[in-house]
Amino acid sequence: ARSTDTFSYATYHTLDEIYEFTDLLVAEHPQLVSKIQIGNTFEGRPIYVLKFSTGGNNRPAIWIDTGIHSREWVTQASGIWFAKKITEDYGQDPVLTAILDSMDILLEIVTNPDGFAYTHSTNRMWRKTRSRTQGSLCIGVDPNRNWDAGFGEPGASSNPCSETYRGKFANSEVEVKSIVDFVQNHGNIKAFISIHSYSQLLLYPYGYTSVPAPNHKELDELAKSAVTALASLYGTKYTYGSIIDTIYQASGNTVDWTYNQGIKYSFTFELRDTGRYGFLLPASQIIPTAKETWLALLTIMEYTLNHPY
Amino acid sequence: NKNFVGHQVLRIFAADEAQVQKVKELEDLEHLQLDFWRDPAGAGIPIDVRVPFLSIQSVKVFLESHGISYEIMIEDVQSLLEEEQKQMSAFKTR
């Protein structure tokens, strides 16, 4: 594409095309968007985060990531759409403008680059990282079981051949460690939203324990508002609740760690669909999925802006 | 690219905890090469699993012999992948 206006948001893209898109976006909006490299993957690919900022120094920030499970293609595709939407709506949409006038938005579109490249080159069904495990022929760690929150407890596998293999130790995956270091160095992230597919769920901590999160009532009410906003566009129904109550016990997961870091507004999305196509969601559903999800994201971001802590 | 001809995705409905445990037993049989898209969580929560062609017969027999109901969510994974690739290359051509 010669510009982000001619880029097609209604199709799936390769890693190179997504990285080219981010460079185009930064070039078109140098006052608003910058690209930060937070590390390199196991196979040496750069890991990028887009920072949307209208100024200030280390402002309170909202983190959004997509694609931590590489086969969940609608999430990276939605992340591209979100990036463009932010640049289009700043100065136009009063809610987003208010958010960006006081806060930064950090967006990591391809959170598992090695796995994503592998879904394009070799195995479309690949979910994990591509790291090697000593003593095993099986490859990869589930990056959503590798965080230091209940790590090693039930809700993840110790078998390197399992799709939910947690890794030898917490943060063993450089794709995870890079985010951990960035979040801890930044120190002022107020909301953390990690986007998966599928099942149409909006989840909040905890996944590793059935002990309710200290502010689970507030999270539940915010989740309800967010899924209501989402459904207002096409009527897409989401279920919401804590991870362990809504799906199953999942130890070492992202938002349990971010919540335990003090990031109160920590959520996991599971986008479309509920199980007709699953990970193979047709590209025709990318834009509708991104549009409805954006309404939920705006609800969470606006609430975060209006409830500083 | 890995080929998924004949792979099916089954949606399994475990009626109670005993049936959930039965499905979990399948998960441990590595030779079946099952890929759980939605893990066994609890009774009444759908379980989605991609089953390679060579394992389909034995998995279906197992489920039916234990009275565990299921439906076929995706008849042939490869045909959806080819559709996806066709769409992407059509876009590139345009």
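Chain identifiers are assigned alphabetically (A, B, ...) following the order of the sequence lines, protein sequences preceding nucleic acid strands; residue numbering begins at 1 within each chain.
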Side chain from CB out, backbone as N, CA, C, O: work out which of these in [X] comes under 4.5 Å of a heavy atom of chain B, or both, or neither.
{"X": "A:Trp126", "answer": "neither"}
{"X": "A:Arg71", "answer": "side chain"}
{"X": "A:Tyr277", "answer": "both"}
{"X": "A:Thr239", "answer": "neither"}
{"X": "A:Ser199", "answer": "both"}
{"X": "A:Glu17", "answer": "side chain"}
{"X": "A:Ser121", "answer": "backbone"}

Evaluate whether atom [atom1] of [X] has more than 12 neighbouring non-hydrogen atoms of other residues, nucleotides or ligands under 6.0 angstrom away.
{"X": "B:Lys60", "atom1": "NZ", "value": "yes"}
{"X": "B:Gln57", "atom1": "CD", "value": "no"}
{"X": "B:Phe53", "atom1": "CZ", "value": "no"}

*Residue among B:Lys92, B:Glu27, B:Arg38, B:Gln85 with most heavy-atom pairs under 4.5 Å to chain A*: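 Heavy-atom pairs under 4.5 Å are most numerous for B:Arg38.
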Which answer fits [X], side chain, backbone, both or neither, if we ask what part of it has an atom under 4.5 Å from a heavy atom of chain A?
{"X": "B:Val9", "value": "neither"}
{"X": "B:Phe4", "value": "side chain"}
{"X": "B:Asp39", "value": "both"}

Restricting to non-hydrogen atoms, name the atom on [X] and the atom on [Y] that form the minimum distance, rounded to 0.1 Å.
{"X": "B:Glu84", "Y": "A:Leu281", "value": "OE2-O, 4.5 Å"}
{"X": "B:Ala41", "Y": "A:Tyr248", "value": "CB-CD2, 3.8 Å"}
{"X": "B:Lys2", "Y": "A:Asn123", "value": "CD-ND2, 3.4 Å"}

*Flag the one option from A:Ser8, A:Cys161, A:Gly275 with the top tally of heavy-atom pairs under 4.5 Å to chain B.*
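Winner by heavy-atom pair count: A:Gly275.
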4.5 Å side-chain heavy-atom contact, [X] and [Y]:
{"X": "A:Ile247", "Y": "B:Ile45", "answer": "no"}
{"X": "B:Phe91", "Y": "A:His13", "answer": "yes"}
{"X": "A:Met125", "Y": "B:Arg50", "answer": "yes"}
{"X": "A:His120", "Y": "B:Met88", "answer": "yes"}
{"X": "B:Glu30", "Y": "A:Asn159", "answer": "yes"}

*asked:* What verdict does the side chain to side chain contact (heavy atoms under 4.5 Å, CB included) test give for A:Phe279 and B:Ile74, after you've listed the backbone C-alpha separation in whole Å, the side-chain angles of each residue and the deciding distance to 0.1 Å?
replied: CA-CA 11 Å; A:Phe279 303 122; B:Ile74 295 177; over 6 Å; no
*asked:* So, taking the atom named CG in B:Asn3 and the one named CZ in A:Arg124, what distance separates them when rounded to the nearest 0.5 Å?
replied: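 That separation rounds to 14.5 Å.
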*Give the C-alpha distance, both sets of side-chain angles, the deciding distance and a yes or no for side chain to side chain contact (heavy atoms under 4.5 Å, CB included) between A:Tyr198 and B:Asp48.*
CA-CA 11 Å; A:Tyr198 61 96; B:Asp48 297 344; 2.5 Å; yes
